[in-house]
> 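Following this message is one structure expressed as structure tokens.
Positions are given from 1, in the same order as the sequence printed here.
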Amino acid sequence: SARQACTFKHCQTYTHTHTFFFFSLSLNLSLTTRTQSQHDPKPRTTMKVKGKKKQRQRRRHNAVMTAGPGAVALDPAAAAAANIAAEGGAVPAAAAAAVNTEVAQLVTSLSDSDETRRELGCSMIGGAVMDKLAVSPLLQAGVSAKLVSLLRDPAVAVRSEAAGALRNLTLSGGPVVIERLFAEDLMNHLAFALLDTQTLVGQLPVPVPPAAAGLAASTFAALENTLHLLWHLCETTAAAMAFFVASPQLLPSLVLCLQPARYPPAVLLIAGQCLQTVTEDSPSASAWFAENAAAVQGCVDLLAEAGPETTGVYRQFQVAVAGTLCNITEGQAAVAEGAALEAVVALQMAALGTFERLLAIDAAAAFVGLMPLAPHLADPADGDQAKVEASPAQAQAQQFCSLLHAQQNALECLTNLCADSDEGAGAEDNDDEDDWEDEDEQLLEGPDASAAQAAQAAQGALTGVSPAVTQAILSRGLPTMVLSKCVSVSKEVQHVCAQANSKVLREALAAFIDVQIRAMGCLSNMLQLVQLQDAPAGFVAELWNGLFALGSDPPAGADSRFFDSVTGAMWALLRVLLQTPALATALAPSTDQIRTIGQLALNAESVDTRVSAMGMLGCLGQLPQNAELLPNIGVVLFQSISTDASLLVVCEALNSVFDVFAEPVVNDTWIRLQGTPRLTALVPQLKQRAKAARAHLDPDVRSRVQETRINLPRFIKYKQAQG
């Protein structure tokens, strides 16, 4: 049937007093092993959330420059004509002349002897390139090389506007423009601008006297724009990251910016965010910190300080610093010993304290408190956003958005901290053509894997944190705090935000939903830590029904990620319950709920949702209380195997078949489903599909497909031996 929008139905009889957590499923996640049955010696992998750098939503990478008096904007019609010319089309002579005139005025201003005109030219170009139509004609006129050269301009204000214009140009032009800028030696010029501007900051008195306020403001603005450009490049291009870690000056220079007494909050925030980015998965950065104990201690001290403000930007800064500590200690808990392990634990505990203080803030209540200001947050009719931004109501709303962004980052850091640090532990990927041709026949006749392999596959312990940190996560109540971030804001608040003509309120609602999604991803990983057998009576059932009800009544503006998270969280809960038999038997999903999950498995538009739904059916089918529904579950699984266009969904459906129908006690149902002949016929089909698709699959997905191909003939052989 045609794919349907991912919504829950058949849940009207279920009520809940709390809304619970999500599990954000993606295809590029770290892998952890599942318990093996006798027929399944090849390590079985399941997905665990691993927060990604590109998933962060801290501050936008943009800079809308306000042109001063006499500014010349690139006329849209002229820009469109220039793009027609760039594509080989015919352009009227008058239009072509207009393009050349306007572009020439802008580009020529960058070489003016008057620094004010150079500054204004950069500012105007920074605004013009936000229209993608303007990028091509400006590039043809050589604007990129001129902007790069202005990063060495003697006037700090010119450097500031040039960095802002370059950031806008990279945002609007994308990878092609970035590649061109790299060819024009952008990174060396950018490094000069950063180091030289930082030298100027060092010459400013602390505190800055009123007489030097103007100079300080322009210098800090230049540093902010330069750091923002550097951060954006490091987040988006491997070449920029490689340049950064290879430079002996940039990392110490970035750490030097983490001084609240000297730098304003905006500079602190971008420096912290950039540092968090460059230390993520960077052995060179970790090695540098290992050799600079003073820098590490300085980061720890920053987490203990109250800062110039207790909310907003400074909280975001502290979370970024805590994230940096998590980055530089990632994986070390599994290999460090003695004093080294104690040092790792101390750093992770300092980061945990920051996350704990931040997540204790009730964002839902703060959102409700913002509602009386809604009439004062409406966008101005004349489009002058500066009128709104200058109001006290806008300042309070921005503080709230900063809180949400800080909680987003904190939840991502916790998600990664609770994830396995040993990624890619799944099945070995085999690209040899001959092996792929002959593998099935060899596996049907070959011996099972060794007991050592099975024992290794059964290990599912977390390696990212030490037992002491694990205990701290539980004793400090972090799972409960994260759980509280999943509660939806009231329908009244959602309605006000959706109906209000207010950009900041719409952004706040989107950020709040993102906090929910990240919280559920975090809790899905935390489920590996929590001892559910110690949970209060009825907790598991309430948790399950709360998740189901949340999927049935999502917040306004929820997208496919929201539903991916709901179904993923339900799957994560079921996997943990299967390892706790006493609790598993206490969960009694209704027939309606299981039917709805089956419908999602077959009809949900999102591949991630269908994968999670298939995994849930595999877990539910193993619960003895669902024995009567086993034939229906089997029908859904085999229908997906036969019809789903996604190879990943087919493989998860097969894995669920392996789990549900492994034991002889279900053989009557297995025979009625004609399971063995249907799977036997599938072997060559799956091999053909896997071979055709493997070049286009992500490595983790390809590994899962290969693993399923290996396990399929083994399972057939196992069932045939049962008679």
Side-chain angles (χ1 to χ4, degrees), residues 52-54 56 58 61 144-145 147-152 159 162-163 166-167 169-171 173-202 222-259 263 267-296 298-299 320-321 323-332 335 347 416 421 423:
K52 297 293 183 181
K53 174 175 62 176
K54 301 301 186 295
R56 292 205 179 112
R58 294 185 283 271
H61 291 295
S144 57
L147 287 174
V148 168
S149 67
L150 288 178
L151 291 175
R152 293 179 181 265
R159 293 206 300 259
L166 284 167
R167 183 165 77 251
L169 183 61
T170 58
L171 282 166
V176 174
V177 170
I178 292 176
E179 183 177 355
R180 175 171 178 160
L181 291 170
F182 269 73
E184 293 164 343
D185 201 22
L186 169 63
M187 293 307 296
N188 278 311
H189 284 73
L190 183 58
F192 171 85
L194 174 61
L195 297 174
D196 188 69
T197 307
Q198 199 166 51
T199 299
L200 296 177
V201 171
L223 186 58
E224 180 181 351
N225 279 341
T226 303
L227 286 171
H228 220 321
L229 176 58
L230 177 64
W231 174 39
H232 171 55
L233 292 172
C234 287
E235 281 226 311
T236 55
T237 63
M241 181 69 79
F243 181 95
F244 185 97
V245 298
S247 170
Q249 296 175 295
L250 286 181
L251 185 55
S253 177
L254 198 56
V255 173
L256 193 62
C257 291
L258 308 181
Q259 300 181 61
Y263 296 92
V267 173
L268 292 174
L269 173 59
I270 298 173
Q273 292 170 333
C274 188
L275 187 63
Q276 184 180 3
T277 293
V278 299
T279 55
E280 189 169 20
D281 302 322
S282 174
S284 299
S286 297
W288 184 89
F289 274 99
E291 298 172 357
N292 290 271
V296 175
C299 290
V321 173
T324 297
L325 294 180
C326 291
N327 288 342
I328 65 177
T329 59
E330 183 177 3
Q332 294 186 23
V335 297
L347 295 181
N416 291 347
S421 61
E423 297 186 40

> Does Thr170 have any side-chain hydrogen bond (donor to acceptor under 3.5 Å, both in side chains) partners at least two apart in sequence or in another chain, and if so, which?
His232
> What distance separates Leu147 CG from Leu166 CG, expressed to the nearest 0.5 Å?
4.5 Å
> For Leu233 and Leu190, what are the C-alpha separation, side-chain angles and deciding distance, and is it a side chain to side chain contact (heavy atoms under 4.5 Å, CB included)?
CA-CA 11 Å; Leu233 292 172; Leu190 183 58; 3.9 Å; yes
> Stepwise, does the side chain to side chain contact (heavy atoms under 4.5 Å, CB included) test hold for Leu169 with Ser144?
CA-CA 8 Å; Leu169 183 61; Ser144 57; 4.3 Å; yes
> Heavy atoms only: give me the nearest Phe289-Cys299 pair and the separation to one decimal.
CE2-SG, 4.3 Å
> For Cys326 and Asn416: C-alpha separation, side-chain torsions, deciding distance, then whether side chain to side chain contact (heavy atoms under 4.5 Å, CB included) applies.
CA-CA 9 Å; Cys326 291; Asn416 291 347; over 6 Å; no
> To the nearest 0.5 Å, what is the distance between SG on Cys257 and CG on Leu194?
6.0 Å
> Quick one: side-chain hydrogen bond (donor to acceptor under 3.5 Å, both in side chains) partners of Asp185, sequence neighbours excluded?
Asn188
> Can you tell me if Asp196 uses its side chain to pair, donor with acceptor, with the backbone of Phe192 under 3.5 Å?
no
> Does some side-chain heavy atom of Met241 sit less than 4.5 Å from a side-chain heavy atom of Thr277?
yes
> Atom CZ of Arg159 and atom OG1 of Thr226: how far apart are they, to the nearest 0.5 Å?
7.5 Å
> Please find the pair of heavy atoms, one from Ile270 and one from Glu224, that lie closest to each other, and give the distance.
CD1-CG, 3.4 Å
> Does the side chain of Leu151 reach to within under 4.5 Å of the side chain of Leu186, using non-hydrogen atoms?
yes
> Show, in sequence, the C-alpha distance, side-chain angles and deciding distance for Glu179 and Val176, and conclude whether the side chain to side chain contact (heavy atoms under 4.5 Å, CB included) test is met.
CA-CA 5 Å; Glu179 183 177 355; Val176 174; 5.8 Å; no
> Roughly how far, to the nearest 0.5 Å, is the CE atom of Met187 from the CG atom of Leu230?
5.5 Å
> Side chains of residues 248-256: which donor-acceptor partners sit under 3.5 Å, not counting sequence neighbours?
from	atom 1	to	atom 2	distance (Å)
Ser253	OG	Gln198	OE1	2.4

> So how far is it from Leu258 CG to Thr324 OG1, rounded to the nearest 0.5 Å?
7.5 Å
> Got a second to check how far Leu325's CG is from Gln276's CD, nearest 0.5 Å?
10.0 Å
